[in-house]
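Report on one structure; see the data block that follows.
A note on names: the letters A, B, ... follow the listed sequences, proteins ahead of strands, and every chain is numbered from 1. For the numbers below, each heavy atom of this structure counts, side chains included, while hydrogens, waters and symmetry mates do not.
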Amino acid sequence: MVHKEALVISGLKKYFGHVKANDGIDLVVRTGTIHAIVGENGAGKSTLMNSLFGLHQPDSGEIYLWGEKVLFSSPLQALAHGIGMVHQHFMLVEALSVLENIILGAEPGKGILLNYKNSRKTVEEICHKYGLELDLDALVENVPVGIQQRIEIVKVLYRGARLIILDEPTAVLIPQEIDRMFEILREFKRDGCTVIFITHKLHEVMALADDVTVIRDGRTVGHWPISQVNEKILARQMVGREVVLDLVKEETKPSELILQVQGLQTEQVNGDQSAEDLSFNIRAGEILGIVGVAGNGQDALIEGILGLRKVEKGEILYLGEAINGVNTSHLRQKGISCISADRLKTGLVREFSVRENAILGYQKSKEFVSKLLFHKKKINHYAQQIIKEFQIKTPSLDALITQLSGGNQQKLIIGRELHANPKLIIAVQPTRGVDIGAIEFIYQVLLECRRKNAAILLISNELEEVLSLSDRVAVLYQGRFMGSNAPNRLTKESIGLMMAGVRTEGEGEPV
Amino acid sequence: MISFLSVSIIQATVAIATPLFIGALGGLFNERVGIVNVGLDGIMLSGAFAAAITSYYTQSAWIGVLAALMVGALLGLLHAAICVGLKADHVVSGVAINILASSLTVFLLQLLFNNKGQSPSAPKIGQISNAGSIPILGPIINNMSYLTIIGLLLILLSHFFLYHTKMGLRLRSVGENPYAAQSLGIPVRKYMYLSVIVGCALAGLAGSFLSIGILNVFTKDMTAGRGYIALAAMIFGRWTPFGSLGASVFFGYVLAWQMNAQGLTIPAQIVEIIPYLATLLVLAFVAKRARGPAHDGKTFAPGEH
């Protein structure tokens, strides 16, 4: 007989040094249901799943799988017990083929030899059963992200998992792919599988889950059948207070042209998608939102404008002046600023203090330098001002930037980038990995800049974000615009199609 | 007259290529699990030393070869412990191994034989004889060292292992994306340790060929950068056994030709530059496109990923 509860976790704790990643997690997952686990970034969802999956061991607490007490010291044991996990960052080997990725670690047959023929047959059967089409011989590096997700799912099925954990599975998918994925998950449920679905997108929880558990600051806040909650209740439970995400977007009259891009074509860099003949304008007081599946030329566009990537063709005019090939620091002085996508990679220097990071990129500015030396008092005053204005929580100015939470790091970058009242703001994924409170704040700051007549280029994977902030939305696919329009004239479905490279009718005016 | 192809050039090519392709194979087993090993040269030097003195004391070349394998494996264990266990920088560890090998061999020479320059002569590894009568191949394989044959078998075996066995697939996945491998229950660290140890043992074997394969003595710093050329051959050969073999034969040919060309009026120093120049050029043009294992040279640190 199948046990009624697929998974019971009680009092699970996991500390990393002084950080309490999990500080008392309780979870009950009924067999044959889809169970959502929601919580903000850093609430401890991934740590919890890694404990369950044997990637690390909890410091205390108990895990029962189908009634049996378990403690896994390696993923191998978890796999053997029928747990399968689709990680948030795909766990694929790019240089190997799709088939090799699927069978890796669980190759069929006894002996030591690889038997591709048998493997292919088994995998094809699984794909056929769930209608998951895959080109098994393609190298993973040549496969789009949506398909990579599919490979991950087949990997789990191939191992015969009965409990499937998906960590933020919809982050890289377009709306249509998300719908398809939900269908597949419901199919699993019909087959008697149990699904754990980790997310921070509440509408997905409402659409898919049977039960939901909310986690906050490493603790379980509560769990409910889905019929007893709604998005508002969940948001409140997640954050611990009321959240208002209703934005006040005043009408603005876009005035002078700030940025004109004509036929931008960038150099091809390491297989990254280049910009292919991109043209658009942004006026003062306007937010142009750009959406697209990651890797469709976003980086090329940003780096092309900022002078970080070679422009092969086309013209970039800033305030009517050509800026092709002008170096980046010069552009910054002229009032172009950038909130970059990956804060610890391109936004901040890990090894530097809060103070040093606060003047990064402006370290030569007369404001901070007297003769050859830094003007310490002025820098301190300025850094304090940013910290106050942007409500950044930091132990001190000398604290290492990495001691701050993601949200506070992001606020420091935004504070720094907006300090000099830029005329053009390039905001790339400005709310990636920050908590709801910070998201609220960042949205307001961006809208405030718009009100103060800055031109904003917003590039994001969060469709909702782009739709609610932008005045115009353009869809990027393989380095080209598929179409653009005002957000209220676009539906999620039409955007999804364009993100997948399908041109829809009435794609609207030129960008 | 410069000859571009003669029996003597072919024989010299084979003799020079042997330590290169065995060494390249050693480097390959390091890098295929993501561990860069610039200490290859030092490990070859240590292998050469261990082979020569063991062969001298036991009067058996094969025990010498065994000693070279063991010294290589030990240095491999050291390298793996530093890079995998202590998560230190691979290049720093490799450079340290080179310096250690270069000075320790000289120190031991002085200690054992009261001679800083070279060891006493020792029995050398046997070679094929009386094959001269076989048509076409005969003159080429005549006098070919048994170690060359073993090396060629190792290339075949490694190719089969990497591309036709389950363990081979797993090993390749470790060097490409250890996190993915780990999530599928593959014991990543074990693979790293074992592969580095095997790879370094092979580098030791390559070294033994230098001291008791071609010659019958160990001389100070006798690798003369061959470890680096072996690494270059591995890159040129795109981290594959057959590719490494092909690249080594190419480098071997250039070196062999250079030795043949030394009787010319061109200053010897210029001629000596040619193999290294060829290496540089090949790398400059080929290495740009060659792509190694994706996780090569990076530290595997789950949890901080």
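Looking at A:Leu96, the atoms closer than 4.5 Å to chain B (heavy atoms on both sides) all sit in the side chain, from C-beta outward. If you measure heavy-atom distances from B:Phe161 to chain A, you find no contacts under 4.5 Å at all. For chain B, the nearby parts of A:Leu113 are the backbone and the side chain; heavy atoms of each come within less than 4.5 Å. The contact between B:Ile186 and chain A is made entirely by side chain atoms (from C-beta outward), counting heavy-atom distances below 4.5 Å. Looking at A:Glu141, the atoms closer than 4.5 Å to chain B (heavy atoms on both sides) all sit in the side chain, from C-beta outward.
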Got a list of side-chain donor-acceptor pairs under 3.5 Å for residues 70-78 of chain A, not counting sequence neighbours?
from: A:Ser73; atom 1: OG; to: A:Gln77; atom 2: OE1; distance (Å): 3.2
from: A:Ser74; atom 1: OG; to: A:Leu76; atom 2: N; distance (Å): 3.0
from: A:Gln77; atom 1: OE1; to: A:Ser73; atom 2: N; distance (Å): 2.7

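Taking the six-membered ring where tryptophan is involved, the planes of A:His56 and A:Phe16 are perpendicular, since the angle between them exceeds 60° and thus also 30°. Between B:His164 and B:Phe160, the ring-plane angle classifies as parallel under the 30° and 60° cut-offs.
Note: A:Gly105 leads A:Ala80, A:Gly111, A:Gly109, A:Gly105 in heavy-atom pairs under 4.5 Å with chain B.
The ring pair (Phe, Tyr, Trp, His ring centres under 6.0 Å) check on B:Phe300 picks up B:Tyr179, with sequence neighbours excluded.
Classification of A:Lys121 and A:Glu124 as a salt-bridged pair fails, no side-chain N sitting under 4.0 Å from a carboxylate O.
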